[in-house]
Amino acid sequence: MFQRNLFKEKKGELTTQQIIILIILVISFVVLLYFLFVLNPAETSSKQVCYNSVVLISKGQGLIGSLDCNTNYLCISGGDSCTNFNPTATVEINTENKNEILKAIADEMADCWWMFGEGKVDYIGKPLGGDPRCAVCSRIKFDEKIQSKIKEITYSELYDYMKTHQSSHDTSQNYLKYLYGVSSLEFSNTETKEFNVNSVPINTDKDYIIITGIDPEPPLISDKYIKVNIVNTDEAIAKTRCEIFDITKA
Amino acid sequence: MKQKNMNKHGFFLAEETLKIILAVIVIGFLIYFLVSLYFSNADEENMQFAESSAKYIIEQMNAQTEEIQIFNPEGWIIISWKTEEEMPMQCSNLGWKNCTCICEDDINSDIPFFENTDLDDCNEESYCFEYSKEIFINEGSLKIDNPPITLEINYGDKIEVKKK
């Protein structure tokens with residue numbers, strides 16, 4: 001009788017335990033699904049992995065660790081898909097609102113700067129000297145809807161947006177301050193060759209890349225850290241200080 | 001007493017000398033090991049770039065992209081072989097019908113008596129892949145120099161690749 005009671009209690013205890021475990025498993029599964037499909041961690045994770053590798057290599061003086069950074073392929077879409085392009089990320093925008101495109105570009109530039117240490121971390125980790133080495137943080141393409149509605153985006157528009165909006169990585173600063181260390185290019189004393197408001201506009205029917213890098217032997221009055229810039233893929237060397245692109249993998 | 005001290009002196013010197021010689025050998029070995037590690041790391045990095053660029057080319061070809069930009073590894077070459085030709089061992093060993101590789105271009109290849117063929121280069125350091133269609137490179141091989149290089153792709157019975 002005593003033993004039977006014991007078994008009864010044991011049975012009850014087991015069942016409750018099983019139910020609790022099942023509930024926890026189901027909740028965990030739902031949370032996991034949420035992260036997988038809603039937050040799209042693939043993009044976030046690869047940028048985080050890159051950032052971590054940059055920090056590790058700088059701490060190890062180039063003797064431990066190696067860069068693990070991949071180019072992000074961003075499709076800025078007005079509803080269509082980007083042709084001849086296999087994006088790792090897509091940003092949907094309203095074609096009536098140009099600011100949304102400017103935000104997408106500014107955010108991608110800010111991510112690039114953040115990934116590579118914001119100009120505070122030496123991730124080259126090799127002896128001094130050599131050609132300027134650059135990373136291709138992102139490749140950007142616009143879909144046909146945007147190409148038909150918004151033919152071009154001037155650097156002046158991009159600059160104005162950056163001056164008036166908070167950076168996604170540091171809300172205490174605008175994008176301009178975060179990326180270039182200046183609040184306004186008109187009153188800047190430093191030469192920010194990488195950002196030229198008079199450059200040929202961004203044509204939405206062409207491909208663009210966002211780059212940053214390190215120049216081991218910078219010219220006088222220039223910083224060794226090559227500031228983030230968005231340039232036409234074909235003009236990657238002509239319009240920047242970059243000579244070699246051996247930091248990011250395709 | 002003096003002799004005893006002198007004997008002790010002589011023995012001391014030999015022991016210390018031996019220690020120094022051993023230390024030099026071990027330090028030399030450590031330096032060699034570190035240098036090898038450093039250069040193998042650099043080689044491994046370029047191999048990763050080659051693999052990444054190769055996979056990117058495959059992806060873009062699958063999407064029938066007509067222009068592909070390649071940024072790295074700088075100085076390496078893109079080259080292709082078909083079945084009838086002698087191809088790198090990593091391809092022939094697997095019985096591939098065609099073979100496209102991104103290979104390290106040996107700097108000695110332009111020096112007489114030290115010439116390395118593209119096949120030799122690809123047998124040494126390369127990343128290769130087989131594609132569903134034959135890939136034909138007009139110029140024979142394409143060097144990844146002054147990046148990015150833009151590959152123009154023409155899709156037909158075989159895939160024609162040339163530098164823009």
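Just so it is clear: chains get the letters A, B, ... in the order the sequence lines come, proteins before strands, and each one is counted from 1. These numbers were taken from a predicted model, which means no experiment stands behind them.
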I247(A) versus chain B, the contacting section by heavy-atom distance below 4.5 Å: backbone
Y56(B) OH to T71(A) OG1 distance, which is reported to the nearest 0.5 Å: 8.5 Å
Region of S53(B) in contact with chain A, defined by heavy-atom distances below 4.5 Å: both
Salt-bridge present (E67(B), K164(B); N to O < 4.0 Å): yes
Contact origin within E74(B) toward chain A - heavy atom pairs under 4.5 Å: side chain
Side-chain donor-acceptor pair present, D107(A), Y175(A), cut-off under 3.5 Å: yes
Part of Q48(B) within contact of chain A (heavy atom distance under 4.5 Å): both
Check ion pair E59(B)-K55(B) (N to O, under 4.0 angstrom): no
S52(B) (side chain) donor-acceptor with A250(A) (main chain) under 3.5 angstrom: yes
Region of T83(A) that comes under 4.5 Å of a non-hydrogen atom in chain B: neither
Contacting region of P147(B) [heavy-atom separation from chain A under 4.5 Å]: both
